[in-house]
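Take a look at the structure below.
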Amino acid sequence: MNILFICTGNTCRSPMAEALIKHKYPEAQVQSAGIYANGGERASMSTIEVLKERGIDLNHVSQPVTERLLHWADLVLTMTSSHKQALMLEYPIFLEKYFTLKEYANDADKEVWEAMKKSYTELELKRAAFIQENSQKVDYVKLHEMLNDYLRDDLREIRLLEADLINDDISDPFGGELSVYQKTLAELDEQIDLLIDKLKRQS
């Protein structure tokens with residue numbers, strides 16, 4: 001199975017997750033990327049240091065999320081719900097691959113996320129049909145206003161579903177003290193162990 005971990009900048013959380021699973025379960029094929037990552041950056045020094053405390057050497061270079069990476073992945077595990085939602089909106093054709101790490105490892109909020117996937121799919125279909133029907137009739141600004149009005153009820157439904165979600169987020173250590181990075185690593189370590197147990201049961 002090809003696993004892709006996603007965070008914001010691909011310098012802290014997702015490299016930690018990638019390094020942990022490679023260390024504990026080397027048969028997995030793993031990469032990581034960031035929603036807003038610049039390519040070619042090293043992991044943060046604190047990320048490198050806390051992993052070294054666990055006996056894990058990290059030689060990581062950041063990369064942004066791309067359609068090619070999403071095609072490669074069988075499973076896309078995000079560090080937060082907002083990362084997952086960003087992917088659902090930007091790359092809706094891969095909806096079935098997206099989970100937060102905690103959601104997938106613990107099977108938490110499964111019914112709510114299934115309802116959200118359905119709502120996002122319907123939203124994308126309605127958006128595309130509306131744009132196709134109206135793009136030649138009005139200018140871009142007016143089309144955007146009309147689209148927001150047209151999709152208002154659908155977006156409200158998605159926000160209500162979001163409110164029912166348990167907090168699936170892995171805490172972001174960026175800019176914190178070394179102890180903050182250690183806490184995030186411990187949180188990830190627990191989730192990676194659960195993930196590996198699930199992968200072994202599925203194999």
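Note that the coordinates shown come from a computational prediction; the quantities given were computed from them, not determined experimentally.
Donor-acceptor pairing under 3.5 Å is lacking for the side chains of Ser81 and Thr100. Side chain to side chain, Asn10 and Glu41 fail the donor-acceptor criterion of an N or O pair below 3.5 Å. In the model, Ser82 has a side-chain atom that pairs as donor or acceptor with a side-chain atom of Thr80 under 3.5 Å.
The two atoms that bring Glu67 and Ile93 nearest to each other are OE2-CD1, 4.5 Å, heavy atoms only. Between Gly9 and Ala37, the shortest heavy-atom distance links the atoms O-CB, 3.4 Å. Scanning all heavy atoms of the two residues, the minimum distance from Ile170 to Glu187 falls at CA-OE2, 3.7 Å.
Counted within 6.0 Å of NZ on Lys52, heavy atoms from surrounding residues, nucleotides or ligands total 12 or fewer; the atom is thus considered open. When the shell of 6.0 Å around NZ of Lys198 is examined, it contains more than 12 heavy atoms from other residues, nucleotides or ligands. Residue Gln202 places its CD atom among more than 12 non-hydrogen atoms of other residues, nucleotides or ligands, all under 6.0 Å distant. In this structure, Asn148 places its CG atom where more than 12 heavy-atom neighbours from other residues, nucleotides or ligands lie under 6.0 Å away.
Salt-bridge annotation for Arg54 and Asp189: present, with a side-chain N of the basic residue lying under 4.0 Å from a carboxylate O of the acidic one. With respect to the salt-bridge test (charged N to carboxylate O, under 4.0 angstrom), the residues Lys22 and Glu18 qualify.
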Exercise for the section: Output, in order, the C-alpha distance, side-chain angles, deciding distance and verdict of salt bridge (Lys or Arg N to Asp or Glu O under 4.0 Å) for Asp149 and Arg152. Expected result: CA-CA 5 Å; Asp149 287 339; Arg152 182 171 286 116; 2.8 Å; yes
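Using bins of under 30°, 30° to 60° and over 60° for the plane-to-plane angle, the ring pair Phe94/Tyr91 lands in the tilted bin.
Between the side chain of Thr78 and the main chain of Ile6, no donor-acceptor pair closer than 3.5 Å is present. No donor-acceptor pair under 3.5 Å is formed between the side chain of Thr184 and the backbone N or O of Tyr181.
For the pair Lys117 and Phe99, the cation-pi criterion (under 6.0 Å, within 45° of the ring axis) is fulfilled.
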